[in-house]
Amino acid sequence: MKQETEEQQDFVKEVTKMSDDFDRWYTDVVRKAELADWSGVRGMMVVRPYGWAMWEAITRAFDDMIKESGHENWAFPLLIPREYLMKEAEHIEGFAPEVAWVTRAGGSMEELEEPLAVRPTSETIIGPLIKRYIQSHRDLPKLTNQWNSVVRWEMRSRLFLRSREFWWQEGHTFHASAQEAMDEAALTQDYYRQIAEDWLAVPVLAGKKSPAETFPGAVYTLTVEGLMRDGLALQMGTSHYFGQNFARAYDISFSNRENERELCYSTSWGMSTRLVGALVMAHGDDSGLIVPPRVAPVQVIVVPIFRDDQGRSRVESFINGWAPELKAAGIRHRVDWRDERPGDKYAHWELKGVPLRLNVGGRDADAGQVEMVDRLTREKVAVPVAGIGKRLTAELDGFQKKLFARAVKFQRDNTVELETLDEVVAHFRERSGFVWAQWCGDGEEEARIKTDAGGVTIRTIDEKAKPSGRCVVCGKPAKFRVALAKAY
RNA sequence: CGGGCGGUAGCUUAGCUCGGAAAAGCGCCUGGUUUGGGACCAGGAGACCGCGAGUUCAAAUCUCGCCCGCCCGACCA
């Protein structure tokens, strides 16, 4: 590992080494790989095309999933009247500290009679609006989603991970029965698992949040939790089951088959641009990004190598001979004709994490092949151009699998099972990662873990496990098996 | 939001203590030689020194206020 690190530093010089300072490494990579920047307005970021393209790949995948199961995209207002926001007591109590308010408007900046909240999430505006469209059980379920940005007045910011504005989707659904709403929460949780594992190649723990970590106003919250290369956990998507809490607050009701008035059961669920940060932190190395092929803006970069105009046109016509095959195979590729030396281009695209690079020079043209270099291993292999579209499709698929397998191994290597609080505290003094432990379910014991182990929280409850052991803190019979970690 | 540190060219920084013509490396532009892992030569452009006030004959430098960023903490369910 150490040796590998030292070899790699010969390749990309722009970024702080991960082992030296993970946080600085992260910021360097995000900025040097042109994913995002700060804007000059505190906590507000500029997402640049290379970063946004990854988010777009995620949004396309997720949008397809939810459309497939009958969800529809809506657009609801950015600004929420105070009166609406205040209705669900727990919800507003939870969000109050991070709400930004519009209190003045117009050329003379006149004070508004009723302040408007900039949405931190849209339950409180969708509730009172959606009820218009729900009268009968025949109008249910109402499966809505919106793609937008929200504002939360965070005190401490990090690019992608915690900014005052971020982009996300928020799904809000309304159902005629509790079971159906609970199924919806479970379904979307599994969508998030798929996005994390199948698209971003980040294995996750899927489970339920503890009461203390549950979304304000929810009956329960489901989560998927990934592990970053610094050993900290990151929430990569959440689904909330509200029961009738919001329906009660906003009087969202319908006539059932017996012509009785009944309150809806509702859910909400979201994932955000934070996932771009997750991808950086889950896969990157000392040379920069490693982007999973399925979300990579550029999957294959072609670097032509030549000496003079003659050599250039020879290589160019060689590339033109097979590049259409890549296009036909649906491979996102680019030929780097910039007037730079090949070495610069290698470093440039490695920093940007492009999965596969094809070095193509006169020798390759003669041999009817290209030199393929893998971003993960830097292995070079000769690939014949005959059937190159099919071959690269398979290589990209293999790359995606290798990346996932590597992340699975990392997660496994950084997960342990412990039995006592002393062990947990000692463990987190030395290292990080996930710790499975048993818990009695008491909030006091949970708080004890957090203080004693320095910010360690219950990331998720394993709902399938039936614990037979004792609580890691108090020694009473355990009710839950939980995953502990420090988290972003 | 508290405590500490910082902001000088696109990037990284020197200069600030002790006020007196704004510097360097990288990057960028032009021309040439080069090109299979980060080339070299020559020339050139680029900075209201974060913003605003104050002190002074004179402010990147001293003082005050504000903005932005980094680290630590609180908070973030």
Side-chain angles (χ1 to χ4, degrees), chain A residues 7-16 21-24 26-28 31-32 34 37-45 90-99 120-121 151-159 161-164 166 208-223 225 235 238 240 270 274 287-288 302-312 315 336-351 357-367 369-373 375 378 380 382 443 446-447 450-451 454-455 457-460 487-488:
Chain A
E7 274 172 33
Q8 284 176 354
Q9 90 185 21
D10 294 330
F11 288 99
V12 174
K13 299 170 193 156
E14 282 89 345
V15 301
T16 305
D21 184 337
F22 190 88
D23 294 350
R24 209 172 280 269
Y26 174 79
T27 306
D28 282 356
R31 301 192 61 220
K32 298 283 172 50
E34 303 180 337
D37 263 315
W38 288 123
S39 63
V41 184
R42 189 180 166 88
M44 303 264 174
M45 62 174 177
E90 265 184 56
H91 182 78
I92 186 54
E93 196 192 320
F95 273 104
E98 26 186 346
V99 174
T121 174
V151 169
R152 296 182 184 177
W153 216 246
E154 303 289 353
M155 288 305 150
R156 220 178 146 169
S157 337
R158 290 198 75 190
L159 289 165
L161 303 176
R162 179 165 286 112
S163 48
R164 285 184 165 177
F166 59 86
K208 192 181 275 186
K209 286 292 188 186
S210 70
E213 302 267 336
T214 296
F215 183 82
V219 174
Y220 63 75
T221 290
L222 303 177
T223 181
E225 302 277 327
Q235 179 174 293
T238 50
H240 316 293
R274 180 178 243 214
S287 296
V302 180
V303 177
I305 298 155
F306 50 84
R307 283 169 195 279
D308 48 27
D309 285 351
Q310 266 188 328
R312 179 186 160 122
V315 168
D336 188 351
W337 286 112
R338 289 176 308 148
D339 188 16
E340 305 281 347
R341 302 170 73 87
D344 291 277
K345 297 179 183 180
Y346 299 167
H348 177 79
W349 294 106
E350 280 171 14
L351 172 58
R357 186 178 72 238
L358 306 180
N359 301 338
V360 185
R363 296 203 299 263
D364 303 294
D366 290 340
Q369 64 179 41
V370 298
E371 184 180 70
M372 184 182 75
V373 189
R375 174 63 179 80
R378 284 204 178 77
K380 296 179 176 173
E446 181 178 12
K450 190 169 179 176
T451 42
T457 51
I458 295 178
R459 301 316 302 158
T460 187
Y488 278 100

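What you are looking at is a predicted structure, and each value in this text was computed from that prediction instead of being measured.
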Checklist entry - With A:Y220, which residues qualify under ring pair (Phe, Tyr, Trp, His ring centres under 6.0 Å), at least two apart? => result A:Y241
Checklist entry - A:R312 near the nucleic acid: base, sugar-phosphate alone, or nothing, with a heavy-atom cut-off under 4.0 Å? => result nothing
Report all interatomic pairs (protein N or O, nucleotide N or O of nucleotides 6-13 of chain B) with separations under 3.5 Å.
none

Checklist entry - Residues in salt bridge (Lys or Arg N to Asp or Glu O under 4.0 Å) with A:K208, at least two apart? => result A:E463
Item to check | Pairing residues for A:A367 by the side chain to side chain contact (heavy atoms under 4.5 Å, CB included) criterion, not counting sequence neighbours | outcome: A:Q369
Item to check | For A:D366, salt bridge (Lys or Arg N to Asp or Glu O under 4.0 Å) partners two or more places apart | outcome: A:R314
Report, one pair per line, the protein and nucleotides 26-34 of chain B atoms (nitrogen or oxygen only) whose separation is under 3.5 Å.
from  : atom 1 : to     : atom 2 : distance (Å)
B:U34 : O2     : A:R341 : NH1    : 2.8

Item to check | Contact letters for nucleotides 44-53 of chain B, in which S counts primed atoms plus P, OP1 and OP2 and B counts the base, heavy atoms under 4.0 Å | outcome: ----------
Polar atom pairs between nucleotides 69-74 of chain B and protein, under 3.5 Å, N or O only, would you list them?
from  : atom 1 : to     : atom 2 : distance (Å)
B:G69 : OP1    : A:G43  : N      : 3.1
B:G69 : OP2    : A:R42  : NH1    : 3.4
B:C70 : OP1    : A:W38  : NE1    : 3.2
B:C72 : OP2    : A:R156 : NH2    : 2.7

Checklist entry - Among all residues two or more places apart in sequence or in another chain, which pass the salt bridge (Lys or Arg N to Asp or Glu O under 4.0 Å) test with A:R363? => result none
Checklist entry - Which residues in residues 215-222 of chain A have at least one heavy atom lying under 4.0 Å from any atom of RNA chain B? => result A:F215, A:P216
Next on the checklist: Under 4.0 Å, heavy atoms only, any strand: does A:D308 hit a base, just the sugar-phosphate, or nothing?
Outcome noted: nothing
Checklist outcome for this item: Applying salt bridge (Lys or Arg N to Asp or Glu O under 4.0 Å) to A:D336 and not counting sequence neighbours gives A:R338
Item to check | Results of ring pair (Phe, Tyr, Trp, His ring centres under 6.0 Å) for A:F306 - residues two or more places apart only | outcome: none
